[in-house]
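Down below is the structure, laid out as structure tokens.
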Amino acid sequence: MKKIYFIILIFSFLYNHLISQTITVIDKTNLKPIENVAIFNLEHTKTALTDKNGKANIDNFLKDDKLFFQHPSYQNITISYNDIKTLNFTVKLTESSINLSEIVISASKWEQNREEIPNKIITISAKEIEFDNPQTTADLLGFTNEVFIQKSQLGGGSPMLRGFAANSILLVIDGVRMNNAIYRSGNLQNVISLDANIIENAEVIFGPGSIIYGSDALGGVMDFHTQNVKLSYNNKTNIITNALMRYSTADNEKTGHVDFNFGRKKWGMLTSISFSDYDDLRMGNNNNPEYVRPEFAGSSDGKDIMIKNDDNNIQKYSGYSQMNIMQKFRLRPNDKFELNYGFYYSTSSDIPRYDRLIQYKNDTTLKYAEWYYGPQKW
């Protein structure tokens with residue numbers, strides 16, 4: 001008899017777990033799971049909360065219940081249990097246009113509400129970066145229409161804030177300054193050394209920030225935050241992989257990116273690799289005649305000659321390539337202590353300066369056959 005009871009208990013345990021009903025809540029736009037969605041019935045007698053995978057167990061709900069879905073960043077919806085069943089137990093939420101009060105961290109190095117900060121600040125979210133899909137970090141700043149980008153060549157992009165540039169504005173990456181006073185006062189292209197594909201968000205502070213950041217922040221601060229290592233909140237390993245491939249016809253761009261996150265409960269690591277190869281840039285037909293490239297300098301038998309360009313709209317010798325590597329480690333033995341380590345490496349080929357290559361010393365001869373920066377290493 002005891003054996004029969006034991007078998008019945010095992011069968012009951014397995015039956016309850018096998019038939020347990022799980023619901024999945026995802027974002028309607030990007031189909032990503034939504035964590036911490038509250039699910040409850042009309043009487044608030046039954047509740048459930050989605051995990052990081054957007055899943056929740058709804059076994060305690062009755063078949064004639066109406067389920068309410070609530071999240072601060074999404075529109076509330078009500079769906080009957082039967083309708084959820086027809087949706088294959090997958091519910092899509094629409095993001096709400098009303099957001100919570102925005103928090104800005106970099107302005108004073110501690111969290112503050114945006115309206116409490118006297119400086120003008122713009123923020124660039126991960127969603128905006130993903131939507132804009134910029135080729136370089138300079139393009140990322142330019143897409144805001146708030147930062148002027150001086151760009152003399154394809155491999156360029158010098159941000160300017162309130163007329164200040166180079167060593168008068170500060171670039172900060174994950175809390176570490178990138179430039180300093182030894183940088184020249186003329187326009188610099190070092191912001192493109194940052195990998196736009198791994199930036200999680202950015203903040204641009206207009207106006208002097210010298211009190212907090214030092215004399216280099218006379219014109220403003222651009223604070224970039226790369227993706228952080230995501231740890232696991234249970235005993236399962238948190239593995240996240242992202243990959244990107246992009247081709248652009250204007251400059252024959254070929255870009256590949258991959259990042260890999262491995263997170264345990266107390267430690268984790270993040271690896272990111274990007275490589276971009278850009279060919280000569282093609283201009284549109286409606287352009288400034290001063291920028292066209294009717295010819296370029298070459299040599300024959302040891303003598304300089306002018307070679308006709310087959311297409312005047314091709315900015316001959318403007319292409320370059322770049323590689324970025326980032327490695328992060330994160331250690332969190334308890335809730336009161338955390339250690340982060342980041343390794344960043346960026347290198348490029350020679351980067352030609354196109355505005356110099358089209359200068360003439362007379363009406364028939366170009367001034368330069370070559371003029372380039374590089375390799376630009378960081």
Side-chain angles (χ1 to χ4, degrees), residues 132-169 171 179 183-194 196 219-220 222 246-255 276-300 303-322 348-376:
D132 291 334
N133 196 17
Q135 287 187 333
T136 67
T137 307
D139 294 332
L140 168 65
L141 294 169
F143 287 157
T144 65
N145 294 321
E146 298 280 354
V147 181
F148 176 76
I149 302 297
Q150 186 268 356
K151 202 168 184 178
S152 302
Q153 65 276 346
L154 175 62
S158 178
M160 302 182 71
L161 301 179
R162 304 186 310 122
F164 292 92
N167 63 0
S168 295
I169 57 175
L171 302 176
N179 56 347
Y183 282 59
R184 73 186 186 119
S185 58
N187 287 296
L188 289 171
Q189 324 301 325
N190 56 327
V191 73
I192 71 169
S193 294
L194 301 177
M222 288 171 287
R246 182 174 61 230
Y247 176 77
S248 301
T249 57
D251 49 14
N252 205 21
E253 176 207 11
K254 297 169 285 292
T255 290
S276 296
D277 181 72
Y278 304 94
D279 204 349
D280 298 331
L281 180 65
R282 175 186 291 275
M283 298 183 293
N285 290 323
N286 298 324
N287 55 47
N288 190 325
E290 295 181 6
Y291 299 150
V292 298
R293 182 78 150 146
E295 57 190 357
F296 53 92
S299 63
S300 177
K303 294 182 179 179
D304 294 336
I305 60 172
M306 297 295 104
I307 303 174
K308 179 177 173 55
N309 190 1
D310 294 333
D311 188 340
N312 290 358
N313 291 334
I314 299 293
Q315 296 187 355
K316 202 68 176 177
Y317 303 128
S318 59
Y320 74 103
S321 61
Q322 180 171 313
S348 73
S349 64
D350 294 338
I351 302 178
R353 182 167 169 177
Y354 181 74
D355 65 325
R356 296 292 189 183
L357 296 177
I358 57 176
Q359 289 184 355
Y360 285 83
K361 60 183 176 183
N362 52 50
D363 293 337
T364 58
T365 307
L366 291 165
K367 271 189 178 183
Y368 308 103
E370 294 181 343
W371 184 294
Y372 57 83
Y373 302 109
Q376 185 164 282

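Since this is a predicted model, take the numbers as computed values, not measurements. All residue numbers in this chain count up from 1 along the given sequence.
By the ring pair (Phe, Tyr, Trp, His ring centres under 6.0 Å) test, Tyr373 pairs with no residue at all, sequence neighbours left out. Checked against ring pair (Phe, Tyr, Trp, His ring centres under 6.0 Å), Tyr354 has no partners two or more places apart in sequence or in another chain. With sequence neighbours excluded, the residues that form a side chain to side chain contact (heavy atoms under 4.5 Å, CB included) with Ser321 are Phe275, Asp277, Ser349. Contacts of Arg353 classified as salt bridge (Lys or Arg N to Asp or Glu O under 4.0 Å), with partners at least two apart in sequence or in another chain: Asp355. Under the salt bridge (Lys or Arg N to Asp or Glu O under 4.0 Å) criterion, Arg282 pairs with Asp311, sequence neighbours left out.
In this structure, the separation between CG on Leu171 and CG on Leu194 is 7.0 Å, given to the nearest 0.5 Å. Distance check, rounded to the nearest 0.5 Å: CG of Asn313 to CE of Met283 gives 5.0 Å. For the atom pair Asn309 CG and Tyr317 OH, the distance stands at 9.0 Å (nearest 0.5 Å).
The cationic group of Lys254 does not satisfy the cation-pi geometry with Tyr247, failing either the under 6.0 Å distance to the six-membered ring centre or the 45° limit from the ring axis.
Under the 3.5 Å distance criterion, with hydrogens and angles disregarded, a donor-acceptor pair is assigned to the side chains of Gln135 and Asp251. Neither side chain, Ser276 nor Glu253, offers a donor N or O lying under 3.5 Å from an acceptor on the other.
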Distance-only donor-acceptor pairs under 3.5 Å for side chains of residues 139-157, two or more places apart:
residue	atom	partner	partner atom	Å
Asp139	OD1	Lys151	NZ	2.9
Asp139	OD2	Thr136	OG1	3.3
Thr144	OG1	Leu141	O	2.6
Thr144	OG1	Glu146	N	3.2
Glu146	OE1	Lys120	NZ	2.8
Gln150	NE2	Ser152	OG	2.7

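The shortest side-chain heavy-atom distance between Ser158 and Val191 does not fall under the 4.5 Å cut-off.
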